[in-house]
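First the structure, in the form of structure tokens, and then the observations on it.
Keep in mind it's a predicted model, so treat the numbers as computed, not measured. All chains are named by letter (A, B, ...) in the order of the sequence lines, taking the proteins before the strands, and each is independently numbered beginning at 1.
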Amino acid sequence: MSNEEQARVFASNLNYYLDLNGMTQIEAAEKIGVSQQRFNTWAQGKAYPRMDMIQKLADLFGIQKSNLIDVPQNVHDNEYYLDPETARRAQEIFTDKDLCILFDAARGSRPEDLQMAADLLKRLKETNPDG
Amino acid sequence: MDDVYVYLVPLPPSEKEAVVPCADGYTVYLNSNHDRASNIEGYVHALKHITNNDFEKNNVQEIETRAHS
């Protein structure tokens, strides 16, 4: 793979994990201690970061470095939820401090099913805040 | 070891269980529309999330891929 291709694959993976974690380039750049301009060159596939920066990004997203380096097909093999919208909803429900729910749901679950359960559990939690 | 509270609630059919942190441990909600075998599988899955410290992690897709492997 050429350097240009490698940078493009990295950019695609980086943008995917930013989206999945609901994070902006600015937030991620601040968290790993690089300038927004430098981060943006990675996200646009114009430059390829050093390995220590890739490690910082992997730690930030809670993933392996290979998830950022390898071609997207390999990334998608590591995904549980099949529907991207379901994955996004599951991530939102987990990240929401008032909910923070992990499900044992089928891979093909619909986003509205997760939301329905989250709404039910939220009501139960409000009824019994200690439980 | 934290306390684990278990409740049966009517979740949508595609969901076996849901687990959430609470004041002194965790609450596990099992699907009351599922049979006992499914409830046990769901409970074991919830314990996996708890013992793997999954609530300290960030990425749901990664968490669930590992929990279901």
Side-chain angles (χ1 to χ4, degrees), chain A residues 16-17 20-23 31 58-64 67 75-84 86-125 127-131, chain B:
Chain A
Y16 171 78
Y17 280 106
L20 194 64
N21 288 278
M23 206 177 280
K31 283 180 194 279
D59 292 344
L60 178 66
F61 297 135
I63 57 175
Q64 302 296 315
N67 292 134
V75 172
H76 298 312
D77 286 345
N78 287 333
E79 293 172 1
Y80 178 71
Y81 290 113
L82 300 174
D83 180 345
T86 303
R88 195 171 297 118
R89 196 69 59 89
Q91 187 68 46
E92 285 170 4
I93 291 168
F94 179 60
T95 312
D96 184 335
K97 295 293 172 207
D98 290 332
L99 296 170
C100 196
I101 303 169
L102 285 173
F103 295 100
D104 182 0
R107 292 189 79 189
S109 294
R110 299 174 307 169
E112 53 266 36
D113 287 342
L114 295 190
Q115 192 61 54
M116 193 188 300
D119 292 342
L120 170 68
L121 300 187
K122 192 173 186 179
R123 284 201 300 277
L124 285 171
K125 206 172 173 183
T127 310
N128 179 15
D130 297 328
Chain B
M1 177 70 182
D2 294 311
D3 289 328
V4 178
Y5 303 91
V6 182
Y7 296 94
L8 283 168
V9 294
L11 297 172
S14 63
E15 292 158 32
K16 284 183 187 165
E17 62 86 17
V19 54
V20 296
C22 63
D24 51 354
Y26 298 89
T27 304
V28 177
Y29 298 96
L30 301 174
N31 194 336
S32 60
N33 296 314
H34 285 200
D35 63 16
R36 184 177 164 79
S38 172
N39 285 164
I40 291 170
E41 283 177 14
Y43 183 66
V44 169
H45 184 89
L47 291 184
K48 240 189 220 184
H49 281 314
I50 295 167
T51 55
N52 287 344
N53 291 320
D54 284 344
F55 288 95
E56 306 298 318
K57 298 173 186 167
N58 302 318
N59 189 305
V60 168
Q61 289 280 54
E62 296 276 335
I63 291 170
E64 293 302 344
T65 299
R66 290 199 178 102
H68 285 271
S69 61

With a 4.5 angstrom heavy-atom cut-off, which part of [X] approaches chain B: side chain, backbone, both or neither?
X	answer
Asp59(A)	backbone
Leu114(A)	both
Gln64(A)	side chain

Under a 4.5 Å heavy-atom cut-off, does chain A meet the side chain of [X], its backbone, both or neither?
X	value
Val19(B)	both
Lys16(B)	both
Asn31(B)	neither

Using only atom types and a distance under 3.5 Å, with no angle test, would you say the side chain of Thr65(B) pairs donor to acceptor with the backbone of Tyr80(A)?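 A pair under 3.5 Å: yes.
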Of all the heavy-atom pairs spanning [X] and [Y], show the shortest one and how long it is.
X	Y	answer
Pro12(B)	Asp113(A)	CG-O, 3.4 Å
Glu15(B)	Ala117(A)	OE1-CB, 2.9 Å
Ala87(A)	Gln61(B)	CB-NE2, 3.4 Å

Could you tell me if the side chain of [Y] sits less than 4.5 Å from the side chain of [X], heavy atoms only?
X	Y	result
Met116(A)	Leu11(B)	no
Tyr17(A)	Glu62(B)	yes
Asn58(B)	Phe61(A)	no

Residues, nucleotides or ligands: over 12 heavy atoms within 6.0 Å of Lys122(A) NZ: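 No, the 6.0 Å shell around NZ holds no more than 12 heavy atoms from other groups.
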Plane angle bin for Phe94(A) and Phe55(B) - parallel if under 30°, tilted between 30 and 60°, otherwise perpendicular: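 Aromatic pair Phe55(B)/Phe94(A) classed tilted.
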Pull out the residues in residues 96-104 of chain A that come under 4.5 Å of chain B, heavy atom to heavy atom, sorted by number.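 Residues in range: Leu99(A), Cys100(A), Ile101(A), Leu102(A), Phe103(A), Asp104(A).
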Spatial distance of atom CG (Leu124(A)) from atom OH (Tyr29(B)) [nearest 0.5 Å]: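 The CG atom of Leu124(A) sits 5.5 Å away from the OH atom of Tyr29(B).
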